[in-house]
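Accompanying notes for the structure given below.
Remember, predicted model here, so these are calculated numbers, not experimental data. Sequence lines set the chain letters: A, B, ... in the order given, protein chains first and strands last, and positions in each chain run from 1.
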Amino acid sequence: MSSWKPLPVSFYRRPAETVARELLGRWLVRETGGERLALRLVETEAYLGAPDAASHAAGGRRTRRNESLYLPGGYAYVYFVYGMHFCLNAVTGRREVGSAVLIRAGEPVAGEETMRRRRGLADRRPPVRPGDVAGGPGKLCQALGVDRVLDAAPLYRGGLKIVEGEPVPAAAVASGPRVGVDYAGEAALWPLRFAERGNPHVSRPRP
DNA sequence: CGGAAGATCCACT
DNA sequence: GTGGATCTTCCGA
């Protein structure tokens with residue numbers, strides 16, 4: 001039985017790459033309206049802050065939108081993209097660093113019916129396939145009801161938490177280039193995307 | 001003040 | 001594989 005104990009703040013106050021690897025297998029828990037939803041995390045990406053051209057904090061860039069990225073590790077950075085999607089990050093490292101981990105995919109472990117309904121998948125034909133519910137950063141936020149209200153929220157208590165679960169062994173972690181950051185030059189090639197090897201809920205292309 | 005782009009997703013060919 | 005949806009945010013003029 002996995003533990004539902006929240007990961008401590010100290011877990012997040014380390015390099016983004018380390019946190020990204022070690023978040024795999026943990027459970028992202030959303031408690032709202034008296035219901036508990038949970039996803040087992042299977043895919044993450046690290047964003048390193050100022051030295052990383054793919055990061056919203058590249059070159060120390062600072063705006064109203066990315067302000068929460070400069071919080072200390074252990075808080076959520078939620079942003080709106082493409083006019084219709086939200087993405088959830090866990091801020092990492094010390095305050096003012098601007099590094100974070102993008103939560104890209106999870107597999108449902110509690111409240112799947114509610115997540116399907118939020119995703120518009122209830123009663124769908126053909127049947128729902130792995131990855132339809134939370135196999136991508138936008139899908140994951142929609143399934144859990146994560147939006148800008150949760151920007152800057154703590155991840156160790158409250159309605160959105162990450163709990164211990166069971167870490168994925170290093171040998172079962174695949175890595176590759178991050179998705180959707182072709183504009184970032186050389187940084188686009190850095191292998192900062194991590195996923196559980198062979199897990200069907202991982203978004204495509206698989207690393 | 002206008003334009004462009006975006007850490008995505010979906011439907012369609 | 002391709003293109004459209006959709007709109008906030010940011011930057012340059």
*Consider the side chain of A/P137, meaning its heavy atoms from C-beta on, and name the nucleotide among B/dG6, C/dC7, B/dC9 that approaches it most closely.*
B/dC9

*Identify whether any heavy atom of A/G83 sits under 4.0 Å from a base atom; if not, whether one sits that close to sugar-phosphate; answer base, sugar-phosphate or nothing.*
base

*Whole-Å distance separating the CD atom of A/Q142 from the C1' atom of B/dC10*: 11 Å

*Audit row: A/L160, A/L155, side-chain contact (heavy atoms from CB on, under 4.5 Å) steps and yes/no*: CA-CA 6 Å; A/L160 183 68; A/L155 293 171; 4.0 Å; yes

_Touch class at under 4.0 angstrom, heavy-atom based, for A/R193 against every strand present_ = nothing

*B/dG2 and C/dT6: how far apart are their P atoms, nearest whole angstrom?*
22 Å

*When the distance from CZ of A/R62 to P of C/dT9 is rounded to whole Å, what number comes out?*
17 Å

*Closest listed nucleotide, where the reference is the side chain of A/S55 and the choices are C/dC10, B/dA7, C/dC7*: B/dA7

*asked:* Please compare A/Y82 and A/R64 by the position of their nearest nucleotide in DNA chain C and report the one closer to 5'.
replied: A/Y82

_Does a side-chain N or O of A/H56 approach OP1 or OP2 of B/dA7 to a distance below 4.0 Å, or not?_
yes

*When rounded to the nearest 0.5 angstrom, what distance separates CD in A/E186 from CG in A/D52?*
10.5 Å

*Pairwise P distance, B/dA5 and C/dG3 [rounded to whole Å]*: 16 Å

*Rounded to the Å, how far apart are A/L69 CG and C/dT9 P?*
15 Å

*Between C/dC10, C/dC7, B/dT8, which one does the side chain of A/F80 approach most closely?*
C/dC7

*Just how far, in rounded Å, is P of B/dT8 from OH of A/Y183?*
8 Å

*Starting from C1' on B/dA7, measure out to CG on A/L48 and report it in whole angstrom.*
13 Å

*Are A/H56 and A/Y79 near enough that their ring centres are under 6.0 Å apart?*
yes

_Gap between atom CG of A/L41 and atom CD1 of A/I162 - 0.5 Å precision_ = 6.0 Å

*asked:* Please report the distance, rounded to the nearest Å, between CD in A/E43 and C1' in B/dA7.
replied: 12 Å

*What distance do A/S68 atom OG and A/N89 atom CG have between them, rounded to the nearest 0.5 Å?*
8.5 Å

*A/K139 NZ to B/dA7 P, straight-line distance once rounded to whole Å*: 18 Å

*Is the ring of A/Y79 stacked on the base of B/dA7, with centres less than 5.5 Å apart and planes under 30° off?*
no

_OP1 or OP2 of B/dA5 versus the side-chain N and O atoms of A/R65: is any pair under 4.0 Å?_
no

_Partner lookup for B/dA7, please. Criteria are Watson-Crick or G-U wobble with both distances under 3.5 angstrom; report none if nothing qualifies._
none

*Only one of A/R104, A/R21, A/R206 forms a salt bridge (charged side-chain N to carboxylate O under 4.0 Å, His left out) with A/E43, so which one is it?*
A/R104

*asked:* B/dC9, OP1 or OP2 - any side-chain N/O from A/R204 closer than 4.0 Å?
replied: no

*Give the rounded distance in Å between these two atoms: CG of A/L189 and P of B/dA7.*
17 Å

